[in-house]
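Each chain gets a letter, A, B and so on, in the order its sequence line appears, and its residues count up from 1.
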Amino acid sequence: MKPHEPSLLYHLVRFNHVRNKEIAAILYEMGELLEIRGENRFKVIAYSRAARAIESLKEDIEDVWRRGELDRIPGVGKAIAEKISEYLTTGHIKAYDDLVSSTPKGMKELLQLQGVGPKTVALLHEKLGVSTVDELEAAARQHRIRRLPGMGPTKEANILKAIERHRRRSTRIPLSVAVRIVEHIMRHLEGIEGLSNITVAGSYRRGKETVGDIDILATSSRPSESIAAFVRMPMVDDILGQGPTKASIIIEGTVQVDLRIVEPRSYGTLLQYFTGSKEHNVKLRGIALQRGYSLSEYSLKRLDTGEELFFDREEDVYKALGMQYIPPELREDRGEIEAALANRLPELVDLSSIKGDLHVHSTWSDGVGSIEEMVSHARSLGYEYIAITDHSPSVGIAGGISEERLLEKVETIYRMNEGLEGFRILAGTEVDIRADGSLDYRDEILERCDVVVAAIHMAQSQKEREINSRLVAAMENEHVDIIAHPTGRIIGRREPYRVDMDLILETAARTGTIMEINAYPERLDLSDEWARRAKEMGVRMAISTDAHSPDQLGFMRYGVTVARRGWLEPSNVINTLSAKDLMRHLGI
DNA sequence: GCCGTTTTCGGCCCGACTGTTTTCAGTCG
């Protein structure tokens with residue numbers, strides 16, 4: 001059973017941002033192309049800044065254009081406004097077409113090589129006619145690079161190494177893998193004498209779903225010895241750089257790890273700087289300038305007197321700039337700085353506010369833990385409830401159970417609850433949404449469940465229209481409480497279904513259906529950005545682990561991270577409710 | 001290319017490290 005409380009916001013908010021995305025993509029690409037062409041770097045920055053502004057615009061850019069207010073978008077001036085206008089009128093931007101046709105394909109890839117930047121790419125292209133990685137490799141092997149101005153034998157050798165690494169390099173690593181690597185490194189770092197206050201910063205600290213590099217910072221009583229010990233760790237494959245205060249290494253073939261050592265009095269500014277994101281930092285330093293300060297990773301310096309202020313705590317950096325402390329997960333320049341200045345940051349949900357898990361499997365289907373084991377582990381986490389949601393028959397590969405078995409399970413759970421004090425097992429199911437949009441159990445069976453989680457498992461490659469109508473049909477079923485892993489993506493392996501998520505979220509708002517944030521590290525679905533959109537549309541969410549073993553209940557931390565990155569507060573998340581309130585909400 | 005509570009021109013975030021130089025440009029984060 002589900003409540004009916006369609007959100008007011010649903011009637012007010014409409015998302016139709018296709019044009020915004022198209023235009024942002026073109027401007028981003030123009031920025032990249034200009035960079036390769038060796039254009040003024042501030043011009044390059046201007047394009048990507050304008051692209052970002054349009055990407056995060058709250059309204060349709062065509063509306064802005066009709067009002068003649070394009071150049072009122074921050075970062076958009078006369079020239080870019082004209083190009084946008086040209087696109088909306090003719091469907092083309094001549095300057096863009098010219099750039100694309102006059103830039104050899106493959107040059108963008110050159111920029112991805114470590115140590116090769118726009119100036120080098122432009123030089124290589126001009127002097128040697130190099131426009132692909134293969135051509136660059138040939139030129140390096142023939143020692144043609146070292147004869148160029150500003151180049152030499154070392155540079156040439158480094159380029160060859162960078163090419164080799166580039167070819168081996170996989171994409172960014174999933175957060176869960178990064179966690180394993182970090183734990184491994186930390187065991188070594190903790191053994192290095194003199195090293196203390198070790199923190200992993202960067203995208204890892206921000207909780208991004210994939211992590212590029214691993215950035216570690218620390219203080220040390222003997223910095224250069226600590227750095228030397230760091231680059232000598234047994235798992236180091238390569239050393240990219242090593243100075244008195246920082247070093248970069250490669251481990252596991254392709255993963256870059258940076259260590260930076262700082263004096264304790266600058267720890268706060270360093271942690272702030274090293275956590276990023278780059279965009280967040282650029283904007284923050286801009287704010288500092290407006291207020292007459294220069295912010296670096298070492299201090300906040302008054303521009304007029306040159307006086308330096310030091311911060312050993314990160315919180316105090318934000319305070320000094322006149323804003324609220326911004327949690328790392330929000331630092332993506334998606335409006336968090338403006339919100340912090342206005343004292344309007346959300347009170348983010350955290351792990352301690354989670355009271356239960358609404359999507360887990362047991363040995364009744366493909367889980368490896370019995371209901372008792374799942375319950376026992378859930379209780380040890382301090383939860384008040386857990387929903388046992390095994391698969392339905394269509395998902396035969398995952399041991400989906402028949403209607404009879406499901407009813408048997410429901411009865412079993414009812415009986416188990418009688419012997420439980422201070423904890424509630426919810427009898428549930430993860431019912432499959434079949435290819436034709438019907439559900440895998442009859443309504444009278446679903447009615448017997450406390451919680452019905454519905455999800456697509458089969459026929460995932462249908463056309464968008466079909467996927468949409470399947471999900472909408474499921475949400476319109478009065479017994480369906482939650483849609484699990486709503487987009488179906490598996491990070492790095494499977495694209496999301498072809499689905500109109502704006503339509504799905506609108507339907508969720510209209511029908512009062514809860515959207516899941518699946519905490520399984522390979523899923524994280526909804527993603528942070530969709531979670532934020534869902535919140536804005538008044539959709540409630542459940543953070544669920546989809547655990548198939550007692551241990552996996554621990555995945556909750558990844559789901560909470562996604563929720564925090566999506567600006568969610570406890571009130572947006574259904575499983576922050578106490579058992580009593582949740583049951584009232586579900587009409588049990 | 002954008003922008004303005006010192007500015008419509010001259011800035012644009014800031015510092016470490018590298019490899020090339022012989023005082024610094026390029027790259028990176």
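Listed nucleotides B:dG26, B:dC14, B:dA16 differ in distance to A:K246; the shortest reach to its side chain belongs to B:dA16. Which of B:dC17, B:dT27, B:dC13 sits closest to the side chain of A:R49 comes down to B:dC13. Closest to the A:I80 side chain, of the nucleotides B:dG29, B:dC2, B:dC13, is B:dC2. When distances run from any side-chain atom of A:P244 to the nucleotides B:dC13, B:dC17, B:dG15, the shortest one goes to B:dC17. Among the nucleotides B:dG1, B:dC17, B:dC14, the one closest to any side-chain atom of A:A79 is B:dG1. Candidate nucleotides B:dT27, B:dG29, B:dC17 were compared by shortest atom distance to the side chain of A:K119, and B:dT27 ranks first.
Taking 4.0 angstrom as the limit, A:T245 places a side-chain polar atom (N or O) nearer than this to OP1 or OP2 of B:dC17. Between A:T154 and B:dT18, a side-chain N or O to OP1/OP2 separation shorter than 4.0 Å is absent.
As judged by a 4.0 angstrom heavy-atom cut-off over every strand, A:L295 is placed among residues touching the sugar-phosphate backbone only. As judged by a 4.0 angstrom heavy-atom cut-off over every strand, A:S248 is placed among residues making no nucleic acid contact. Nucleic acid contact class of A:P149 (heavy atoms, under 4.0 Å, all strands): none. Among the protein residues, A:V44 comes within range of no part of the nucleic acid, since none of its heavy atoms lies under 4.0 Å from any strand. Within the nucleic acid shown, A:L113 comes within 4.0 Å of sugar-phosphate atoms alone, with no base atom in reach, counting heavy atoms only. Using a 4.0 Å heavy-atom cutoff across all strands shown, A:Y47 reaches sugar-phosphate atoms only and no base atom. Nucleic acid contact for A:N281: none, since no nucleic acid atom lies under 4.0 Å from a heavy atom of the residue. Heavy atoms of A:Q290 sit nowhere under 4.0 angstrom from any nucleic acid atom.
A:R533 and A:D502 are joined by a salt bridge, as a carboxylate oxygen and a charged side-chain nitrogen come within less than 4.0 angstrom of each other. With respect to A:R265 and A:E308, no salt bridge is recorded, no charged nitrogen being found less than 4.0 Å from a carboxylate O.
At a cut-off of 3.5 angstrom, counting only N and O atoms as typed in the model, there is no donor on one side facing an acceptor on the other between the side-chain of A:Y298 and the base of B:dG15.
Nucleotide B:dC13 holds its P atom 15 Å from the NE2 atom of A:H280, rounded to whole Å. The nearest whole Å value for the distance from the CD atom in A:E297 to the C1' atom in B:dG29 is 9 Å. Look at CD1 on A:I159: it is 11 Å from P on B:dC28, rounded to the nearest Å. Here B:dC13 presents its P atom at 20 Å from CZ of A:R331, a figure rounded to the nearest Å. The CZ atom of A:R260 sits 7 Å away from the P atom of B:dA16 (whole-angstrom rounding). The CZ atom of A:R285 sits 8 Å away from the C1' atom of B:dG15 (whole-angstrom rounding). Between the CG atom of A:D238 and the P atom of B:dT18 there is a distance of 13 Å, rounded to whole Å. Atoms CZ (A:F42) and P (B:dC2) sit 15 Å apart, rounded to a whole Å.
Side-chain contact annotation: A:T132 with A:D134, donor-acceptor N/O pair under 3.5 Å absent.
To the nearest whole angstrom, the two C1' atoms, one in B:dG11 and one in B:dT7, are 9 Å apart. The C1' atoms of B:dT8 and B:dG4 are separated by 8 Å, rounded to the nearest whole Å. B:dA16 and B:dT23 are spaced 22 Å apart, taking the P atom of each and rounding to whole Å. Rounded to a whole angstrom, the distance from the P atom of B:dT22 to that of B:dC28 is 24 Å. Of the C1' atoms belonging to B:dC17 and B:dG10, the separation is 29 Å, rounded to the nearest Å. Between B:dC13 and B:dC2, the two P atoms lie 15 Å apart (nearest whole Å). Only the P atoms considered, B:dG19 is 28 Å distant from B:dC12, to the nearest whole Å. When the C1' atom is compared between B:dT21 and B:dA25, the two are found 10 Å apart, to the nearest whole Å.
Counting heavy-atom neighbours within 6.0 Å of A:R49 CZ, excluding the residue itself, gives a total of 12 or less. Surrounding CD of A:E69 are more than 12 heavy atoms belonging to other residues, nucleotides or ligands, all under 6.0 Å away.
Remark on DNA chain B: of its neighbouring residues A:G117 and A:K155, the 5'-side contact belongs to A:K155, judged by nearest-heavy-atom nucleotide. Along DNA chain B, the nucleotide nearest A:P118 and the nucleotide nearest A:A46 are compared for position; the residue whose nucleotide lies closer to the 5' end is A:A46.
Screening A:L34, A:I36, A:L111 against A:P118 for a side-chain contact (heavy atoms from CB on, under 4.5 Å) leaves a single residue, A:L111.
Between A:F555 and A:Y558, the ring planes are tilted. Angles from 30° to 60° get that label.
With a glycosidic angle no more than 90° from 0, B:dT7 adopts the syn conformation.
B:dT8 makes up no base pair with any nucleotide shown, lacking Watson-Crick or G-U wobble contacts both under 3.5 Å.
Pairing each heavy atom of A:I543 with each of A:V560, the nearest pair is CG2-N, 3.9 Å.
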